[in-house]
**Student:** 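Pasting a structure below so you can have a look.
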Amino acid sequence: MSDGSSFYITTPIFYVNDVPHIGHAYTEVAADVLARWHRQSGDDAWLLTGTDEHGQKILRTATANGVTPKAWADRLVETAWKPLLKTVDIQNDDFIRTTDVRHEVNAQKFLQHLFDAGHIYTGEYEGYYCVGCEEYKQPSDLVDGTGEFEGQPVCAIHSKPVELLHEKNYFFRMSTFTQQLLDLYESNPNFVQPESARNEVISFVKQGLSDLSISRSSFDWGIKVPWDESHVVYVWFDALLNYITAVGYGQDDEEFARRWPATHVVGKDILRFHAVIWPAMLLAAGLPVPTQVFGHGWLLVGGEKMSKSKLTGIAPSQITETFGSDAFRYYFMRAISFGQDGSFSWEDLSARYQSELANGFGNLASRVIAMVVRYCDGEIPTAGEFSQADELIRGTERRATAAAMGAVDRLAIHEAIAAVWELVDELNGYITSQEPWALAKDPAQRDRLDAVLFTAVRGLGTLAVLLSPVVPRATARLWTALGGVGDVADQRIDQAWEWTGGTHVSPLEALFPRIEATVG
RNA sequence: GGGGCGGUAGCUCAGCUGGUUAGAGCAGCGGACUCAUAAUCCGUCGGUCGCGGGUUCAAGUCCCGCCCGCCCUACCA
């Protein structure tokens, strides 16, 4: 990093029929923080997100709502998904929809290419089909029937008999890539991370892969198979291709060469699609595999995986309306080790907001600026002679920056924030021990007072730069109050302590005001 | 059935290739201070490291067995 090299990062694309919850926002924020961080490091960063809009379920709900599937998807994109990005301040560089022409056309090119290269064959899919679920069932999804269905296999969900159906399908010869994938995992341990995710993927692939049915003919809401328009492409095969069609695959070679390959951030529930099927597709097409597939953990509410059915699904706006988007971003990035499951609770959110954001960072900003206003008429003092305590703070600025940079390289976002927070804590301690209010009472201590406030302001500005990717709103306000030059989001984060600012501070409303009301 | 991850202070979690009296933050308690969002700073209380064996001079940290939670995977009858 830091050399202008490409950093292309993606989130999964939202299945438009889902209802947005904090799990979606969590993935987005993580990818956004990484993208912002790299942008501020001088890298050629690019964040892609978007929507997945094909498939039978969407066709069905659209029909039920009396509109075309495209109109249905349009509505959901505008009313649910784009607003979600705004709710948590995602700064995406692109938003791809699988119904975009650029996606459909180039996904077809990809498919045709695989077909021409002999990676696709015509086969017969035979399986048990549940009309209630409208999908094929694995034997493990079936149970023995009881009562009038005694002796027949029935769907575990609907308890009704399933039908044995045959369908002509096109198959992707994924099985031939088993060994190549294993070699990939072996030679590039970082390809799938964290370790736990990597282990799962390897053990799955070691069992051997079967070929993948990639077309459906029972409905038509999807991308047409180019050589047989009676079939549409299987939704996952379609969806995964967004990562390359969005950056010019098939139509803009220069852009594609500039961006690809990507780092994929995904929830661990869809890890396999990204760490197995997707690289197999790319290998077949002769394209570079992703840089990395990172499977993050789940959000646990009350010790259980958050889910709509258990009524634990929480809309991001429920949190941001009370605490703000910065607090949302900070909380989930700080409190959860990225890659592991993490517990969410209103109590924890509330406690961290109060102690870390309001009392720690926010109050630090308030007290420093208030003293510069009070003791120096708002003029930021110039540096005189520095004491050891001052030098220690300067040292911490550098150390925290370096530690955070290293952590972000490993996608350890939580560690990066923890490293930066050492500066927050040290600055608060520094101010208390240096007692600028006492120095201000003695004219003979003027130089010392100036040095202390100068150091405190420097540290605060460094914090603004370092925390900008995580809490962009608060740091933008702080930056303005400190008279920082330009936009804080444009400051080099790898040299955060070298920020430049003006001569005066301006008043600052509480960065993270106390929240008195009980929530939850 | 096979495999993975987790089970450490009230809560959320660190503890790498085994090594001084097991750590942090928050909460609690006591004190200091007043620039600040009743904030900050200092001190303090608090743990049979899931259970039982074993290896070792030494184990939260390795080995075996078991229990609990979650997940992946396979599937007998």
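Given the structure is predicted, the values throughout are model-derived calculations rather than measurements. By convention in this document, chain letters (A, B, ...) are assigned in the order of the sequence lines, proteins followed by strands, and residues within each chain are numbered from 1.
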**Student:** Give, ordered by number, those residues of residues 201-214 of chain A having at least one heavy-atom distance below 4.0 Å to an atom of RNA chain B; if nothing qualifies, reply none.
**Tutor:** A:F204, A:Q207
**Student:** Students often get this wrong, so: under 4.0 angstrom with heavy atoms, is A:L300 touching a base, only sugar-phosphate, or nothing?
**Tutor:** nothing
**Student:** Using the P atom in both, what is the distance from B:rU17 to B:rC63, to the nearest Å?
**Tutor:** 10 Å
**Student:** Once you round it to whole Å, what is the distance between C1' of B:rU37 and CD1 of A:I369?
**Tutor:** 13 Å
**Student:** Grab the CG-P distance between A:L357 and B:rC26 for me, whole Å please.
**Tutor:** 13 Å
**Student:** Under a plain distance cut-off of 3.5 Å, with no hydrogens placed, do A:Q434 and A:R448 share a side-chain donor-acceptor pair?
**Tutor:** yes
**Student:** Shorter than 3.5 Å, N or O on both sides, protein versus nucleotides 27-33 of chain B: list them out with atom names.
**Tutor:**
none

**Student:** Less than 6.0 Å separating the ring centroids of A:F294 and A:F338?
**Tutor:** yes
**Student:** Test A:E509 against A:R477 for salt bridge (Lys or Arg N to Asp or Glu O under 4.0 Å), laying out the working first.
**Tutor:** CA-CA 9 Å; A:E509 288 292 303; A:R477 285 208 286 133; over 6 Å; no
**Student:** With no hydrogens and no angle check, do the side chains of A:S325 and A:D89 hold a donor and an acceptor under 3.5 Å apart?
**Tutor:** yes
**Student:** Over how many whole Å does the gap from A:L364 atom CG to B:rU34 atom P extend?
**Tutor:** 19 Å
**Student:** A:W298 CH2 to B:rC5 C1': how many Å, rounded?
**Tutor:** 12 Å
**Student:** Are the ring centres of A:H119 and A:Y170 closer than 6.0 Å?
**Tutor:** no
**Student:** Taking atom C1' in both B:rC62 and B:rG19, compute the distance separating them and give it to the nearest angstrom.
**Tutor:** 14 Å
**Student:** Nearest to the side chain of A:R514, which nucleotide is it out of B:rG4, B:rA38, B:rG25?
**Tutor:** B:rA38
**Student:** Base, sugar-phosphate alone, or nothing: which one does A:G429 contact when heavy atoms must sit under 4.0 Å apart?
**Tutor:** sugar-phosphate
**Student:** NA contact type, A:A370, heavy-atom cut-off 4.0 Å: base, sugar-phosphate, or nothing?
**Tutor:** sugar-phosphate
**Student:** Between atom OH in A:Y353 and atom C1' in B:rC26, what is the gap in whole Å?
**Tutor:** 17 Å
**Student:** Return the polar atom pairs (N/O with N/O) between nucleotides 6-14 of chain B and the protein under 3.5 Å, or none.
**Tutor:**
from, atom 1, to, atom 2, distance (Å)
B:rA14, OP1, A:Q340, OE1, 2.6

**Student:** Convert the base pairs of RNA chain B into dot-bracket notation, remembering that pairs crossing earlier ones are written with [ ] and that bases paired across to another strand are shown as |; include only Watson-Crick or G-U pairs under 3.5 Å.
**Tutor:** (((((((..((((.....[...)))).(((((.......))))).....(((((..]....))))))))))))....
**Student:** Which whole number of Å gives the distance between the P atom of B:rU61 and that of B:rG7?
**Tutor:** 12 Å
**Student:** Which residues pass the ring-ring contact (aromatic ring centres under 6.0 Å, His included) test with A:H414, not counting sequence neighbours?
**Tutor:** none
**Student:** Once the angle between the rings of A:Y353 and A:F512 is folded into 0 to 90°, is it parallel (under 30°), tilted (30 to 60°) or perpendicular (over 60°)?
**Tutor:** perpendicular
**Student:** In whole angstroms, how far is the C1' atom of B:rU34 from the CZ atom of A:R367?
**Tutor:** 9 Å
**Student:** Take the angle between the ring planes of A:F332 and A:F328 and call it parallel below 30°, perpendicular above 60°, tilted in between.
**Tutor:** tilted
**Student:** Give me the distance, rounded to whole Å, that separates B:rU20 from B:rC35 when you measure between the C1' atoms they each carry.
**Tutor:** 42 Å
**Student:** Checking all strands, does A:R374 fall into the base, sugar-phosphate, or nothing category for heavy-atom contacts under 4.0 angstrom?
**Tutor:** sugar-phosphate
**Student:** Give a yes or no on whether a salt bridge exists between A:R399 and A:E426, defined as a side-chain N under 4.0 angstrom from a carboxylate O.
**Tutor:** yes
**Student:** Hey, does the Lys NZ or Arg CZ of A:R374 hover above the aromatic six-ring of A:W437, less than 6.0 Å from the centre and inside 45° of the axis?
**Tutor:** no
**Student:** Measuring centre to centre across the rings, with the benzene-like ring taken for any Trp, is A:Y121 within less than 6.0 Å of A:F172?
**Tutor:** no
**Student:** Measure the distance from NE2 on A:H296 to P on B:rC71 and round it to the nearest whole Å.
**Tutor:** 16 Å
**Student:** For A:Y331, enumerate each residue passing the side chain to side chain donor-acceptor pair (under 3.5 Å) test, keeping only those at least two apart in sequence or located in another chain.
**Tutor:** A:D348
**Student:** Please work out which of the three classes, parallel, tilted or perpendicular, describes the rings of A:W421 and A:Y330, given edges at 30° and 60°.
**Tutor:** tilted
**Student:** Expressed as a whole number of Å, how far does the P atom of B:rC64 sit from that of B:rA77?
**Tutor:** 31 Å
**Student:** Between atom CG of A:L240 and atom CD1 of A:I13, what is the distance when rounded to the nearest 0.5 Å?
**Tutor:** 8.0 Å
**Student:** Could you measure between the two P atoms, the one in B:rU56 and the one in B:rC16, and give it in whole Å?
**Tutor:** 23 Å
**Student:** Can you check the distance between B:rC45 and B:rC29, where both ends of the measurement are the C1' atom (answer in whole Å)?
**Tutor:** 7 Å
**Student:** Using a distance-only criterion (donor-acceptor N/O pair, under 3.5 Å, no hydrogens), is the base of B:rG3 paired with the side chain of A:E200?
**Tutor:** yes
**Student:** How do A:S433 and A:R334 order along RNA chain B: which one's closest nucleotide is nearer the 5' end?
**Tutor:** A:R334
**Student:** Pick the nucleotide of RNA chain B nearest each of A:V368 and A:E195; which residue has the one closer to the 5' end?
**Tutor:** A:E195
**Student:** Checking side-chain polar atoms at under 3.5 Å, does A:Q491 have a donor or acceptor matched by the opposite partner on A:S468?
**Tutor:** no
**Student:** What is the distance, to the nearest angstrom, from the CH2 atom on A:W421 to the C1' atom on B:rU40?
**Tutor:** 15 Å
**Student:** Could you give the distance separating B:rG18 and B:rU44 at their C1' atoms, to the nearest angstrom?
**Tutor:** 32 Å
**Student:** Please determine, for the side chain of A:Y375, which listed nucleotide (B:rC41, B:rC35, B:rU37) has the closest atom?
**Tutor:** B:rC35
**Student:** Would you please say whether a donor-acceptor pair under 3.5 Å links the side chains of A:H21 and A:Y26?
**Tutor:** no
